[in-house]
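What's counted below: heavy atoms across the whole structure, side chains too, no hydrogens, waters or symmetry copies.
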Amino acid sequence: MNAYVYGYGPAGKERLIVVDLGVTFPDMDGTPGVDLIFADLAWLEENADRIEAIFITHAHEDHIGALPHVWNKLRKPVYARAFTGRIGQLKLEEAGIPPETIQIVEPRPQVIEAGPFKLQFVPISHSIPESSGLVIDTPAGRIVHTGDFKLDGNPVVGEAFDPELWHEIGREGAGVKALVCDSTNVFSPQPGRSEATLAGPLAELISQQSGMVVATTFASNVARLKTLAEAGRAAGRSVCLLGRAMKRMVQAAEETGVLTGMPGTISPEEAAEVPRQNLMLIVTGSQGERRAASAQLARGKYLGLEMKEGDTFLFSSKTIPGNERGVIRIMNAFSEMGVDVVDDHGGLYHVSGHANRPDLEAVHDLLRPQMLIPMHGEHRHLREHAKIGNEKGIASEVATNGMMIELSGKAPRVVEHVEAGRTYLDGSVQIGALDGVVRDRIRMALNGLCLVTVIMDEDDKPLGEPWVELMGLPERGRSGAALTEQIEDEMAQFLDRAPAKLVSNDDKLDEALRRIARQVSMEEIGKKPEVVVVTSRLME
């Protein structure tokens, strides 16, 4: 959920630009029921009058996904290149925001002026078309924000990495004051491999299969989609794309001219009529997403298509840490069907979109920055990247969420910490991570719920017995009796002998009944449920 802010000017009055507004995805363990997670922009909202513009480096969800959810809080012009801008416009349209909010710009040498900043989008290779780094010029010096990148001279779709261009950026004027750099693959010791190296192995694998072939990859990896489709057609197969996100990416890439020569595809209805040995599906859901096409096929039929014994399912992707459980669930489901599951085979059928350690060092050498701020990685990645910089004589600092770093001196200096929490999109409502909503949801899921209803008459006497409803709890406990009846009996006995001062006070009555429900539950089932007490009082 990337969101970076650059400022220039007197302390506390800096003019600001925002780079990327991304999301991350929830998990059932820590954020059950949540749809999306993005940065808490409270500080930016408070300083919205100081923001000049928003710049989006590329169209991956962790860089652009929050834009439709937070733009109304900031209401600033958005700049992006054609493909990224088209994806963003589609998102804004769905949210009822005018698509012209995003201004499409050309890459360097075009310069966008935003207050004291002058920016250029610089083409850089990644696993999505038209990814760009940013050259940010200020009166105090030049910052290079790489965005996500790899060094690929033949990325199949999109622009190749041009070392001369980046060397030129490092030599201009006074050089690069600060490099803010992708750190994702800093622990990978070998140089990264080109997307083009996958064509041969994929074509060979697909040509050897006798049943239907299904492949999944990241929907945004348009180059991989083209390579897979070409391999399928070369093997004499009709190719069908399954998944809304995948179709949207291909359409946007073709509309903006970044994708050409994509083999023709057929509809799911047409695919259902094609003999299995002549069919290839390319589907969404490489990370085990429950509603994606991969998971739907693993559960049975999807749009009239189903996997059978002798078919092959290929993961042309790497499993992102944290998604292993969902991916393995799908793999096992296919295995039970008799489907052969093939993963990336140690890189044979997938290459990363991020620069490995030697590639990062090559960029350091091309730009020769005075300072290095590692970004885009876990803390251990940032720390390792900073070590590399320091060893080369580049002043480096690990920046964690909310950390404000001054770059105007000879070395980066931490000057302030901004409260930087998380915002949850929960259905159609945005809530704070610390609001307690999700915490209560987790507590109910872990402990179950006990709802107690009590009616008191005008004299503060119980009108009938308490009524208990249970959710997420066993019906019977150790004694074999119904748990609801035991709780109700204990509460009825308590109300018969409780002093008038207690039963006339809602708070004290609530506390007492809650304690009884939890005590009985603990004795009978070994759990203390969440308890809600509803007390109704009849008035004269």
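- A donor-acceptor pair is defined here as one N or O able to donate and one able to accept, closer than 3.5 Å; such a pair exists between the side chain of R50 and the backbone of E14.
- Between the side chains of H350 and D344, no donor N or O sits under 3.5 Å from an acceptor N or O.
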Is there a ring pair (Phe, Tyr, Trp, His ring centres under 6.0 Å) between H145 and Y6 once you walk through the steps? CA-CA 10 Å; H145 181 105; Y6 292 95; 5.8 Å; yes
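- Note that CD of Q251 and CD1 of I87 are 9.0 Å apart. Values are rounded to the nearest 0.5 Å.
- No donor-acceptor pair closer than 3.5 Å links the side chain of K73 to the backbone N or O of A48.
- Of all heavy-atom pairs between M307 and V214, the closest is SD-CG2, 3.3 Å.
- The six-membered or imidazole ring of H126 lies near that of H60, with a centre-to-centre distance under 6.0 Å.
- In terms of the ring pair (Phe, Tyr, Trp, His ring centres under 6.0 Å) criterion, residue partners of H69 (sequence neighbours excluded) are, by chain and number, F38.
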Donor-acceptor list for residues 431-439 side chains, cut-off 3.5 Å, not counting sequence neighbours:
| unit_1 | atom_1 | unit_2 | atom_2 | d |
| --- | --- | --- | --- | --- |
| D435 | OD2 | G432 | N | 2.7 |

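- The pair R537-D506 counts as a salt bridge, with a side-chain nitrogen and a carboxylate oxygen less than 4.0 angstrom apart.
- In this view, R329 satisfies the salt bridge (Lys or Arg N to Asp or Glu O under 4.0 Å) rule with no residue, not counting sequence neighbours.
- Using a 4.0 Å cut-off between charged nitrogen and carboxylate oxygen, R441 and D426 count as a salt-bridge pair.
- Checking side-chain atoms of D459 against main-chain N and O of K461 turns up no donor-acceptor pair under 3.5 Å.
- Within the 3.5 Å criterion, the main-chain N or O of C181 finds a donor-acceptor partner in the side chain of S183.
- The backbone N or O of W71 sits nowhere less than 3.5 Å from a side-chain atom of R75 that would complete a donor-acceptor pair.
- Between the side chain of D35 and the main chain of G427, a donor-acceptor pair closer than 3.5 Å is present.
- Side-chain contact of H63 with H376: a donor-acceptor pair under 3.5 Å is present, judged by distance alone.
- Using a distance-only test at 3.5 Å, with no hydrogens or angles considered, a donor-acceptor pair links the side chain of D311 to the main chain of K308.
- Using a distance-only test at 3.5 Å, with no hydrogens or angles considered, a donor-acceptor pair links the side chain of D182 to the main chain of F149.
- Each of E523, E524, R476 was evaluated against Q486; a single residue qualifies, E524, per the side chain to side chain donor-acceptor pair (under 3.5 Å) test.
- Between the side chain of Q287 and the main chain of I320, a donor-acceptor pair closer than 3.5 Å is present.
- Looking only at side-chain heavy atoms (C-beta outward), T284 and L242 stay at 4.5 Å or farther from each other.
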Could you please spell out the steps behind the side chain to side chain donor-acceptor pair (under 3.5 Å) verdict for N185 and S352? CA-CA 9 Å; N185 282 356; S352 175; 2.9 Å; yes
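- Without hydrogens or angle criteria, S317 side chain to T217 main chain gives no donor-acceptor distance under 3.5 Å.
- The environment of CZ in R422 is sparse: at most 12 heavy-atom neighbours from other residues, nucleotides or ligands sit within 6.0 Å.
- Aromatic rings of F315 and F313 (six-membered ring for Trp) have centroids within the 6.0 Å cut-off, being under it.
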